[in-house]
Chemist: 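Quick one: structure below, then a few questions.
Only this structure's heavy atoms are used, side chains among them; waters, hydrogens and symmetry mates stay out. A note on names: the letters A, B, ... follow the listed sequences, proteins ahead of strands, and every chain is numbered from 1.
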Amino acid sequence: DTAVSQTPKYLVTQMGNDKSIKCEQNLGHDTMYWYKQDSKKFLKIMFSYNNKELIINETVPNRFSPKSPDKAHLNLHINSLELGDSAVYFCASSLLQGGEAFFGQGTRLTVV
Amino acid sequence: GENVEQHPSTLSVQEGDSAVIKCTYSDSASNYFPWYKQELGKGPQLIIDIRSNVGEKKDQRIAVTLNKTAKHFSLHITETQPEDSAVYFCAPREGAGGTSYGKLTFGQGTILTVHP
């Protein structure tokens, strides 16, 4: 009964490919996020959705497209992957925008 | 947007010692000040938080102190244990309003190592 679950846990792919990461939360939260953590552990917000509506888009390249089919799911699709996209991507949710965030286990994306 | 500085970037202590990590923020309208702990291979997890109407909060061996005037808050861990070894992040919430949506801005992280 994992609170925030994301799949896959690991993703290795070639440059130029398109890939998706899925996230689901069973906490009944209204807000979901995508964060990117680079090799230096720096954690930066990418997107925030509140009840399926995009609230925050932090100047992320438009190759990254989030989709929220319902408030329990927030998926991340990445087109034309580049080497610099290699990172750990975390999904998170909170009851309200800016509240305590519950994180998933992360997806380690490696672009070769 | 919020500028956040967290120090030190690495901290090494002996078991039983105390550890202190400081976080400085820029938005005077910030009103919520959490600390997260990230263990290896896991997502960050909230360990303690404080709101702007309180100066200090304790939970067993961990405490957070807030100085709103100086715009900084600190994490204090006493009687450290090897299982406290992790990366710690501050994440002040910017004040909501205008173009701000009250998001959390994470500090650069502090790698804490507790030696047995």
Chemist: Does any backbone or side-chain atom of B/Pro34 lie under 4.5 Å from a heavy atom of chain A? Answer side chain, backbone, both or neither.
Modeler: neither
Chemist: How long is the straight-line distance from CD of B/Gln38 back to CZ of A/Phe90, given to the nearest 0.5 Å?
Modeler: 4.5 Å
Chemist: Is it the case that more than 12 heavy atoms not belonging to B/Gln45 sit under 6.0 Å from its CD atom?
Modeler: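 Check fails, neighbour count at 12 or below.
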Chemist: Taking all non-hydrogen atoms of both residues into account, name the closest pair between B/Leu104 and A/Ala101 and its distance.
Modeler: CD1-CB, 4.4 Å
Chemist: Report the distance from atom NZ of B/Lys42 to atom CD of A/Gln105, rounding to the nearest 0.5 Å.
Modeler: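 If we round to the nearest 0.5 Å, B/Lys42:NZ and A/Gln105:CD are 7.0 Å apart.
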Chemist: I need the A/Phe42 CZ to B/Phe106 CZ distance, nearest 0.5 Å.
Modeler: 10.5 Å
Chemist: Measuring from B/Arg93:CZ to A/Glu100:CD, what's the distance to the nearest 0.5 Å?
Modeler: 11.5 Å
Chemist: Please state whether the side chain, the backbone, both or neither of A/Leu43 comes within less than 4.5 Å of a heavy atom of chain B.
Modeler: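 Interface part for A/Leu43: both.
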Chemist: Report the option among A/Lys44, A/Arg108, A/Lys41 that has the most heavy-atom pairs separated by less than 4.5 Å from atoms of chain B.
Modeler: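 Ranked by contacts with chain B, first place is A/Lys41.
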Chemist: More than 12 heavy atoms of other residues, nucleotides or ligands under 6.0 Å from CD of A/Gln14: yes or no?
Modeler: no
Chemist: Measure A/Tyr35 against the heavy atoms of chain B and call it side chain, backbone, both or neither at under 4.5 Å.
Modeler: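 Contact with chain B involves the side chain of A/Tyr35 alone.
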Chemist: Counting only heavy atoms from other residues, nucleotides and ligands, does the tally under 6.0 Å from CG of B/Leu40 exceed 12?
Modeler: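 No, not enclosed.
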Chemist: So with a 6.0 Å cut-off around NZ of A/Lys22, is the heavy-atom count from everything else above 12?
Modeler: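 Incorrect, the count does not exceed 12.
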Chemist: Counting only heavy atoms not in B/Lys58, do more than 12 fall under 6.0 Å of its NZ?
Modeler: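 For B/Lys58, atom NZ is not crowded (no more than 12 foreign heavy atoms under 6.0 Å).
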Chemist: Please check if the number of heavy atoms outside B/Lys68 that lie under 6.0 Å from its NZ is greater than 12.
Modeler: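 Buried by this count: over 12 neighbours within 6.0 Å.
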Chemist: Quick check: are there more than 12 heavy atoms from other residues, nucleotides or ligands sitting under 6.0 Å from CD of A/Glu58?
Modeler: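 More than 12 within 6.0 Å, yes.
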